[in-house]
Trainee: 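The structure that follows is given in the form of structure tokens.
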There are 2 protein chains.
Amino acid sequence: MSQAVSRMAQSSPNISCGNCPIRHNAVCAECDKDELAALEAAKSYRSFAAGEPLAVSGEALTHFSSIVSGCASMSRTLEDGRRQTVGLLLPSDFIGRPGRATAAYDVVALSDTVVCRFERRTFDGLVRDTPHIATRLLTMTLDELDAARDWAVVLGRMTAREKVAAFLVSLIRRRAAATGQGEPAGDVAVALPLSREAMSDHLGLTIETTSRQITAMKKDGLIQAINTRAFRIPSFEALALIAGEDDDGGPIA
Amino acid sequence: MSQAVSRMAQSSPNISCGNCPIRHNAVCAECDKDELAALEAAKSYRSFAAGEPLAVSGEALTHFSSIVSGCASMSRTLEDGRRQTVGLLLPSDFIGRPGRATAAYDVVALSDTVVCRFERRTFDGLVRDTPHIATRLLTMTLDELDAARDWAVVLGRMTAREKVAAFLVSLIRRRAAATGQGEPAGDVAVALPLSREAMSDHLGLTIETTSRQITAMKKDGLIQAINTRAFRIPSFEALALIAGEDDDGGPIA
DNA sequence: CCAATAAGTTGATCTCGATCAATGCGAACT
DNA sequence: AGTTCGCATTGATCGAGATCAACTTATTGG
């Protein structure tokens, strides 16, 4: 998909992928040989086609996984069909939590997706017995928590236009971060890894409203359509401004 | 305030409070004497009057704190004044995160509040060097993450009435959990520790809409007003049903 | 290459919650 | 007791986004 994936894939795939839950790789300074061996033994990969479920809310979750490439959504659907995505999973994001055997949300692949995974009980033991893995997981979880809280501001208080802008801005930032670039600036391109419906589920909007906002933003010159799933953004800063940010760049402190 | 506070306060206050970030107390099986002594030496208490800020977004956060009694909100305010509360902090909830020196949100005391706190650098060291403290913190953070994601469903997809019901249900559940009771049932009472404004900021609604929904729910017999800040709920189950839950009790799996 | 189907856009209308504005109510102070 | 001030409720109106519906554009398969 993005440059991120190809970059990840080439980093010593035979030892350990570059975006495992603990971000382990061959040069991890804190890992001794026994730990690496244990991780390798417990690790496996699995592919999912777009639309395929990676987990079903309420059902057993046998593995702790981390996205290697592709994109998935984590969502809850109410009885009457209303659906809210609570997290967009991109490479390096994890699925599952130590000590819990049941999935709390539905996780569905939005595009073809590869995950790196660990059998749950093995992983639980690894977290319990390996301090620096637990620490690494804590940092990742705290980051996810901040992201979830930031998103609550979008869902609770932003207009449709601001929501769409905030989504594009956050997607562009995550892609840039994954490829090791800094804060995006100026003219940038985004490939959307999801449908208008998945986008709307994430934004708490209907498909129609999302579509109309995109059209309006095209008219205003904020975005240009390469095709329906790819945009060119002439000014990232202008978009970020609409997404309700200070003009000094970066997310609100 | 609630029964929770008095119950907490009496558990060996001279050794360690019962709701410190790591839920340490005199009988913690995993803590040796040195660790306990280190915790005690680093610990202090501080009181805040209702309305007083515990932290300001973007400014230095010198301590890692845990609510002992009272109630605080964690929120972000956009430039134009729109405000969204991203977390309601009740006893045992923590403020701050290891390894970060700056507050990400505004934290304000909603009622008179007491916190138990640790000087930041000391706490960072403690988390780094004491595996079971890191593990405990990881569990708490994962729980917060689930709560934040659950709330995203409320903010993104629920109607005003459902939002108010969901808020009351979650508040009642947290109170019950804090006092060691199980799932609430039947006729229950809630004391609201916050104003209509703070409630609205949490729900992503205006004060007027929140007030109207409360009035409507009174008319429908779902809630009875003891006073403006305290309700009697004749049927917790009926309220939970409106809050968009399955009828088998408990949050959706 | 053209049907068939899914995904996306656009239009018309309606509704829920926001907004603007006034009134009610209770606690704190004199 | 009455005044004041902040909080809460109620009323009237407006508008952003939802809904219902038609249509267009991609994508897939024969």
Side-chain angles (χ1 to χ4, degrees), chain A residues 49-51 73 78 80-84 108 110-112 154-168 191-220 223-231 242 244, chain B residues 49-51 73 78 80-84 108 110-112 154-168 191-220 223-231 242 244:
Chain A
S73 75
L78 303 179
D80 59 5
R82 285 177 288 176
R83 189 187 308 143
Q84 178 65 48
V108 180
L110 297 177
S111 34
D112 294 351
V154 174
L155 289 176
R157 292 297 183 195
M158 288 198 177
T159 63
R161 161 175 280 228
E162 289 168 335
K163 284 181 176 184
V164 172
F167 171 73
L168 292 175
L192 303 181
L194 37 53
S195 67
R196 296 288 187 269
E197 185 181 25
M199 234 177 110
S200 306
D201 284 343
H202 194 215
L203 296 170
L205 297 172
T206 57
I207 306 175
E208 295 94 325
T209 298
T210 302
S211 179
R212 273 187 252 269
Q213 293 303 329
I214 290 172
T215 303
M217 291 168 83
K218 279 184 208 161
K219 284 211 185 88
D220 295 347
I223 61 181
Q224 291 163 12
I226 297 169
N227 58 60
T228 52
R229 294 284 186 100
F231 299 154
I242 289 178
Chain B
S73 74
L78 304 179
D80 59 4
R82 285 177 289 175
R83 190 187 305 141
Q84 178 64 47
V108 179
L110 297 177
S111 36
D112 294 351
V154 174
L155 290 176
R157 291 298 183 193
M158 289 199 177
T159 64
R161 162 174 281 227
E162 289 168 334
K163 283 181 175 183
V164 171
F167 171 73
L168 293 174
L192 303 181
L194 36 53
S195 67
R196 295 288 187 270
E197 186 182 22
M199 231 176 114
S200 306
D201 284 343
H202 194 212
L203 296 170
L205 297 172
T206 58
I207 306 175
E208 295 94 324
T209 297
T210 302
S211 180
R212 273 186 250 269
Q213 293 303 329
I214 290 171
T215 303
M217 291 169 83
K218 281 183 206 161
K219 284 211 184 86
D220 295 346
I223 61 181
Q224 291 163 12
I226 298 168
N227 59 59
T228 51
R229 295 283 187 101
F231 299 155
I242 289 177

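Naming: A, B, ... by sequence-line order, numbering from 1 per chain. Side-chain atoms are counted along with the backbone in the values below, which use heavy atoms only and exclude waters and symmetry mates.
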Trainee: Output the rounded distance in Å from CE (A/Met158) to P (D/dG17).
Mentor: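 Atom CE in A/Met158 sits about 13 Å away from atom P in D/dG17.
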Trainee: How long is the line joining CZ of A/Arg229 and P of C/dA7, in whole Å?
Mentor: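 That distance rounds to 8 Å.
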Trainee: Verify the contact: side-chain N or O of A/Arg161 to OP1 or OP2 of D/dG17, cut-off strictly under 4.0 Å; return yes or no.
Mentor: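 Checking A/Arg161 against D/dG17: no side-chain N or O falls below 4.0 Å of OP1 or OP2.
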Trainee: Nearest of D/dA8, C/dT10, C/dG17 to any side-chain atom of B/Thr159?
Mentor: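 Per side-chain heavy atoms of B/Thr159, the pick is C/dG17.
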Trainee: CG of A/Asp80 versus P of D/dA18: gap in Å, rounded?
Mentor: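 Answer to the nearest Å: 14 Å.
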Trainee: Considering only D/dG17, C/dT10, D/dA8, which nucleotide approaches the side chain of A/Arg212 most closely?
Mentor: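 Within the option list, the nearest is C/dT10.
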Trainee: DNA chain C: A/Thr215 or A/Arg157, which has the more 5' nearest nucleotide?
Mentor: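 Going by which nucleotide is closer to the 5' end, it is A/Thr215.
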Trainee: To check you understand the geometry: which heavy-atom pair defines the closest contact between A/Ala50 and A/Leu110, and what is its length?
Mentor: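 Of all heavy-atom pairs spanning A/Ala50 and A/Leu110, the closest is CB-O, 3.6 Å.
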Trainee: Measure from the side-chain heavy atoms of B/Thr209 and tell me the nearest of C/dG8, C/dG17, D/dT10.
Mentor: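 Ranking C/dG8, C/dG17, D/dT10 by closest atom to the B/Thr209 side chain puts C/dG17 first.
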Trainee: What are the two closest heavy atoms between A/Leu194 and A/Met199, and how far apart are they?
Mentor: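 Nearest heavy atoms, A/Leu194 then A/Met199: CD1-CG, 3.7 Å.
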Trainee: Could you check whether B/Ile214 gets within reach of a base, just the sugar-phosphate, or nothing at all, counting any heavy atom under 4.0 Å?
Mentor: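 Nothing, no heavy atom under 4.0 Å.
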Trainee: To the nearest angstrom, how far is A/Ile223 atom CD1 from C/dG8 atom C1'?
Mentor: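 Rounding to the nearest Å, CD1 of A/Ile223 and C1' of C/dG8 are 14 Å apart.
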Trainee: Between A/Leu203 and A/Val164, what is the shortest heavy-atom contact and its length?
Mentor: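 Minimum heavy-atom separation between A/Leu203 and A/Val164: CD1-CG2, 4.0 Å.
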Trainee: From CD of A/Glu197 over to P of C/dT9, roughly how many Å is that when rounded to an integer?
Mentor: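 Atom CD in A/Glu197 sits about 13 Å away from atom P in C/dT9.
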Trainee: Assign each of B/Thr210 and A/Lys219 to its nearest nucleotide of DNA chain C by heavy atoms, then name whichever residue's nucleotide is nearer the 5' end.
Mentor: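 Counting from the 5' end, the first nearest nucleotide belongs to A/Lys219.
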Trainee: Please give me the minimum heavy-atom distance between A/Met158 and A/Ala166, naming the atom from each residue.
Mentor: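 Looking at all heavy atoms of both residues, the shortest contact is SD-CB, 4.5 Å.
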Trainee: Nearest to the side chain of A/Leu205, which nucleotide is it out of D/dT9, C/dG8, D/dA18?
Mentor: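 The closest nucleotide is D/dA18.
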Trainee: Grab the CD1-C1' distance between A/Ile207 and D/dA21 for me, whole Å please.
Mentor: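 Distance check: A/Ile207 CD1 to D/dA21 C1' gives 14 Å.
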Trainee: Of the listed nucleotides (C/dG8, C/dT9, D/dG17), which one gets closest to any side-chain atom of A/Lys218?
Mentor: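 The closest nucleotide is C/dT9.
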Trainee: What does A/Gly204 touch in the nucleic acid at a heavy-atom separation under 4.0 angstrom: a base, only the sugar-phosphate, or nothing?
Mentor: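 Counting heavy atoms under 4.0 Å across all strands, the contact made by A/Gly204 is with sugar-phosphate only.
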Trainee: With sugar-phosphate meaning primed atoms plus P, OP1 and OP2, does B/Thr206 contact a base, only sugar-phosphate, or nothing at under 4.0 Å between heavy atoms?
Mentor: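 It contacts base atoms.
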Trainee: Find the distance B/Arg196:CZ to C/dG17:P and express it as a whole number of Å.
Mentor: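 Result: 18 Å.
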Trainee: On a plain distance test, is the side chain of A/Glu208 in donor-acceptor contact with the base of D/dC20 below 3.5 Å?
Mentor: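 Side chain to base: pair present.
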Trainee: What's the shortest heavy-atom distance between B/Thr206 and B/Ser200, and which atoms?
Mentor: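 Closest approach of B/Thr206 to B/Ser200, heavy atoms only: O-OG, 3.4 Å.
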Trainee: Expressed as a whole number of angstroms, how long is the span from A/Arg82:CZ to D/dG17:P?
Mentor: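 Rounding to the nearest Å, CZ of A/Arg82 and P of D/dG17 are 18 Å apart.
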